Amino acid sequence: MAKLNFGGVEENVVTREEFPLAKAQQVLKNEVVAVIGYGVQGPGQALNQKDNGINVIVGQRKNSKTWDKAVKDGFVPGETLFEIEEALQRGTIICYLLSDAAQIQLWPTVKKHLTAGKALYFSHGFGITFNEQTGIVPPKDVDVFLVAPKGSGTSLRRMFLQGRGLNSSYAIFQDATGKAKERVVALGIAVGSGYLFETDFKKEVYSDLTGERGTLMGAIQGIFAAQYQVLRSKGHTPSEAFNETVEELTQSLMPLVAENGMDWMYANCSTTAQRGALDWWKKFRDATLPVFNDLYESVATGKESQRSIDSNSQVDYREKLEAELKELRESEMWQAGKTVRSLRPENQKPAEVVA
Ligand SMILES: NC(=O)c1ccc[n+]([C@@H]2O[C@H](COP(=O)([O-])OP(=O)(O)OC[C@H]3O[C@@H](n4cnc5c(N)ncnc54)[C@H](O)[C@@H]3O)[C@@H](O)[C@H]2O)c1
Ligand SMILES: CC(C)(O)[C@@H](O)C(=O)O
Ligand SMILES: [Mg+2]
Ligand SMILES: [Mg+2]
């Protein structure tokens, strides 16, 4: 375990140098890793483990699209692909990668197969932290831990195929066998993590729920929408408003920020942009700070988790969700974005020409 300095604060980080893949393979050599669920994280984690030489099987409902996807991805029915209950029975490490809401439904079945010495693995602190809402309380004689990739399962797989690694958090909730640490770190490496950052279940889920509702998705969509609306209301064309709100950010500036940080970006733009961005960032911080405080409070009091559980358990939720997604998809801003994206030279299809 390396102690690294993050802006003056020391933290524990597991690196691939100190815990190489060969060590992970050694730790997991007698385990059967059962990945339950083949949605977004399931394929990324299962395929990376398979390619890393881990004995991995997938548990998924038969006659579903995702069962067919698993077959297409190379999992073989009866050998490495099973109905959920059979995979649960075969697995010594259960990677519980159903949606957070579905985990509640299937929990009684999972619990039945958690015999002494097995391990229960999550990619989120949700089920355990909010156990009063989820009812997920594991037996005492199994290891319980998480590896939470800090990004989409799609990126986890893509980055693995590019020879890169996505950063993940890891945490141990219960160490029944005395081997939880080596098991969880080995799994973290096997699923394709770059670095593994130590946390606990509660911190992981609080930060994850805040991040996705905040700057990763909710807040940024809100800020995009507000700026776009102002530019449009002042007579700017959709393409100009979109380019100045989203396209330049994702295509030009964010890749540079990803490489070098926003401090570098500030030092490497025009003096005009620099002056203005220095003057305005604190106003945006101060305007949004109360919203972020409300958001964190809503996460910490369990309001967000309850809302997610309640919504996902409604029978007509899929239709309602689709209506909300359609509104976003059909908004002028994202329709303008579709055309702007099609104009990128690397996107062959020509933009729709209006007669
Ligand atoms: N989506 C991500 O990229 C991401 C990133 C980090 C962590 N996570 C966490 O990973 C876990 C899995 O998330 P996901 O987004 O991959 O899940 P998902 O929503 O894609 O669903 C996963 C699987 O659950 C199955 N499923 C849904 N309802 C079911 C039911 N009632 N019975 C049986 N199977 C059912 C689906 O068929 C699918 O195969 C969650 O804890 C999530 O918070 C997800
Ligand atoms: C990919 C995200 C947003 O980081 C994840 O947390 C999720 O829930 O899908
Ligand atoms: Mg999340
Ligand atoms: Mg996340």
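Indexing begins at 1, ligand by ligand and atom by atom, following the structure's order. Values in this document were obtained by computation on a predicted structure and should not be read as measured data. Index from 1, following the sequence.
Aromatic ring centres of Phe130 and Phe126 lie closer together than 6.0 Å.
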* Start with the C-alpha gap between Ser342 and Asn347, add the side-chain angles, then the distance that decides, and say whether side-chain hydrogen bond (donor to acceptor under 3.5 Å, both in side chains) holds. => CA-CA 6 Å; Ser342 76; Asn347 292 344; over 6 Å; no

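Ligand 2 is never approached by Leu216 to a heavy-atom distance shorter than 4.0 Å.
Ligand 2 has an N or O atom lying under 3.5 Å from an N or O atom of Asp208, backbone or side chain.
In this structure, atom 9 (O) of ligand 2 has its sub-4.0 angstrom surroundings free of protein heavy atoms.
With hydrogens left out, the protein atom closest to atom 3 (C) of ligand 2 is Glu212 OE1, 3.7 Å, a heavy atom.
Residues Phe224 and Tyr228 share a single hydrophobic cluster, defined by chaining ILVMFWY side chains whose heavy atoms lie under 4.5 Å apart.
At most 12 non-hydrogen atoms from other residues, nucleotides or ligands lie less than 6.0 angstrom from CZ of Arg318.
For Asp208, the N, O or S atom with the smallest separation from the Mg ion (ligand 4) is OD1.
Distances from the Mg ion (ligand 4) show that Glu212 has no N/O/S atom below 2.8 Å.
Taking a cutoff of 4.0 Å between a charged side-chain nitrogen and a carboxylate oxygen, Glu83 and Arg61 do not qualify as a salt bridge.
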